There are 2 protein chains.
Amino acid sequence: MAVTIRDVARRAHVSVATVSRALTSPELVRPETRSRVLAAAAELGYQPNRAARGLITGKTGNIGIVVPDLDNPFFTGVLKAVQARATQADYAVFVADSDEDPVAEAKLVHAMAKQVDGVVLCAPGLEDSQLHEVAGATSLVLLNRRLPGVPAAVMDSAGGMRAIVDHLVALGHRRIAYLNGPRTSWSNQERRRGLMTAVAENGVDLVDLGPFAPRYEGGLQAADLAVAAGPTAIVAYNDIMALGVLARLRDRGISVPLDVSVTGFDDLMYASLCSPALTTVAMPVAQAGRTAVNLLLDWLDSDHTEAPQVVAETQLVVRGTTTPPRR
Amino acid sequence: MAVTIRDVARRAHVSVATVSRALTSPELVRPETRSRVLAAAAELGYQPNRAARGLITGKTGNIGIVVPDLDNPFFTGVLKAVQARATQADYAVFVADSDEDPVAEAKLVHAMAKQVDGVVLCAPGLEDSQLHEVAGATSLVLLNRRLPGVPAAVMDSAGGMRAIVDHLVALGHRRIAYLNGPRTSWSNQERRRGLMTAVAENGVDLVDLGPFAPRYEGGLQAADLAVAAGPTAIVAYNDIMALGVLARLRDRGISVPLDVSVTGFDDLMYASLCSPALTTVAMPVAQAGRTAVNLLLDWLDSDHTEAPQVVAETQLVVRGTTTPPRR
DNA sequence: CTGAAAGCGCTAACAG
DNA sequence: CTGTTAGCGCTTTCAG
């Protein structure tokens, strides 16, 4: 099999204990001995067995991330950042895809628990109580979800929604349709919360539709319902739904933005590629992913007294799907 | 800490060995004893420590996947399928993102090697010799890359390219520009190979441009060069580049498909959402991902005499960016 | 500063 | 069928 610590010890003419120390606590060993050990390790291409190390230290050097859908660029953006930050900190990362199933979420975290030092749970659909239970299985950091006592990295979706409404109101819109994402989704609740306050403040007429699947097909379905309600602007839960809306409206010969304005949420790369380009809100996915890992790493050697919740700012990106209403 | 096999043994009034057997080789233990053990395990919420098990069995129950870019939907499509199939087979999965860097690829595989039973290496940029070296570190399965002696799941890109050329020729195109992806990319070589044979067979005039970065920006850059060469059709290395080409042509007031036809490759979801919708080749990402895992699992308990290479068929998807040339 | 020895949680012979 | 025993590769007392 592979080269073990004993091979290195033999080659460096020291004991395995010294090799171990040279590798993990360099200050405990004489520089001369240490360099001899390091040389031997390098020559042999020795890589410590993390599992064995973890068995005794209780730390695995791994973290996990569970996301609702790996086909959603929003989550893969987070994943990419998590992966990068973790690698940088010399951690390896487990991924799991819950397929939007809360039960699977809990199961996956539990399955990972033994092999990781902690997990980043993205936009969980679990209820608070279940989330607390899950948090008991391993060190948990939430992403886009808040729960007292659990560290979290959240993006200011509510603020983004307020920016959208302010933008539409400034353009002259007074009747707006909102296409809800999944009711259980914390993100949808946040976005809706921002929407509600902004709508109330501006005396706007709101048509509250859905929930719809947060996918292209959901947008297709939602578009017709929205149009029937006669708003001058349609605010979708996210970009993918908005792209579905755009497609459906195009098929029906309804012009965007002349007949109706449309907004998305997330600023996926593709939001800028459709025609007209989509007005949307940019989510700081990379930043949030990085933050989540930092929170987790901090949490691992903290006294767990305070669970920080870091919020990353969103930003409205005005493009071609919003203009003043016709009449 | 957590509940161990000893706790279960104590509670079931048996030895740890019996617990172990009851869990891993049920047939070796009396049904009555077994159910007692299982009950105890369930009551205690016992979860075997895979790391400890792996230390002795030599199997970890984990697999790894390394991809060039987690922001590329093509790879996340593969990842999603790999994840799903692995979970189904009771394996956990490590991900790593090499950021298109061959050196990082090798490093990441080596880093994973100790913690996994094998890894799926997607579209590696490594040279054959380095790839062989990497294959020595762990059980390797390649995705979209062939190497003698190493199992691989490949998509028939060359066939897809041939389908594109045949399609364009049928429409009447006789001068075609190809926008190369990275020169080191096996995928680009495959696509180019398919293109070359089809072009030769059809007596088509080929303008070979690039290489370009396989991204939106690469397409932006490539578009102008392509137009300058005066082809009636532009064949991009992949969808993302094609979308960049589309955007650049639109900005320059060049009509697609009236002035020039454009094709992509991959059939990302967004290929159908742009306007006009992109003619492209659908890649069986999910199927290939699943196949890769199956190959890996088979490989793990095989005699390693034959390394199968499974090819999944691509499919041309004709949409709105291709029509007969003007003149 | 370094070595010997005791395990971490688990499985795999080897005896009963 | 079941228990005892010996480690897997590594870190960490505890003595030198």
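Just so we're on the same page: letters track the sequence lines, and every chain starts at 1. Given the structure is predicted, the values throughout are model-derived calculations rather than measurements.
In this structure, B/Lys114 atom NZ and D/dC10 atom P are separated by 7 Å, rounded to whole Å. Distance, A/Arg6 CZ to C/dA5 C1': 12 Å, rounded to whole Å. For B/Asn49 and C/dC10, the CG to C1' distance is 8 Å, given to the nearest whole Å. In this entry the distance linking CG of B/Leu23 with P of C/dC10 reads 9 Å, nearest Å. The separation between A/Leu28 atom CG and C/dT2 atom P is 10 Å, rounded to whole Å. Rounded to whole Å, atom P of C/dA12 lies 12 Å from atom CG of B/Leu55. Distance, B/Ile5 CD1 to C/dC10 P: 5 Å, rounded to whole Å. One interatomic measurement links the two molecules: CG of B/Asp7 to P of C/dC8, which rounds to 12 Å at whole-angstrom precision.
The side chain of A/Ile56 approaches C/dC8 more closely than any other nucleotide in the set C/dC10, C/dG3, C/dC8. You'll find that the side chain of A/Thr57 is closest to D/dT12, out of C/dC10, D/dT12, D/dT2. Comparing C/dG7, D/dT4, C/dG3 against the side chain of B/Ser15 picks out D/dT4 as the nearest. Out of C/dT11, C/dA12, D/dC10, the shortest distance to the side chain of B/Ser20 is found at C/dT11.
Of the two residues contacting DNA chain D, namely B/Arg36 and B/Ala52, the nearest-nucleotide position lying further toward the 5' end is that of B/Arg36.
Contacts of B/Val14 with the nucleic acid, taken as non-hydrogen atoms under 4.0 Å apart, involve only primed sugar atoms and P, OP1 or OP2.
The residues B/Asp301 and B/Lys59 are annotated as not salt-bridged, no charged nitrogen and carboxylate oxygen being separated by less than 4.0 angstrom. Salt-bridge check for A/Arg146 with A/Asp128: failed, with every basic side-chain N at 4.0 Å or more from each acidic carboxylate O. Between A/Lys80 and B/Asp69 a salt bridge is recorded (basic side-chain N to carboxylate O distance below 4.0 Å).
One finds a side-chain N or O of A/Arg53 lying less than 4.0 angstrom from the OP1 or OP2 phosphate oxygen of D/dT11. Close to C/dC1, at under 4.0 Å from its OP1 or OP2, lies no side-chain N or O of A/Thr33.
In summary, the side chains of A/His110 and A/Glu105 do not present any donor paired with an acceptor at a separation below 3.5 Å, with no hydrogens or angles considered.
Side-chain atoms of B/Arg21 and base atoms of D/dG3 include a donor and an acceptor less than 3.5 Å apart.
The shortest non-hydrogen separation linking B/His304 to B/Trp299 is NE2-O, 2.9 Å.
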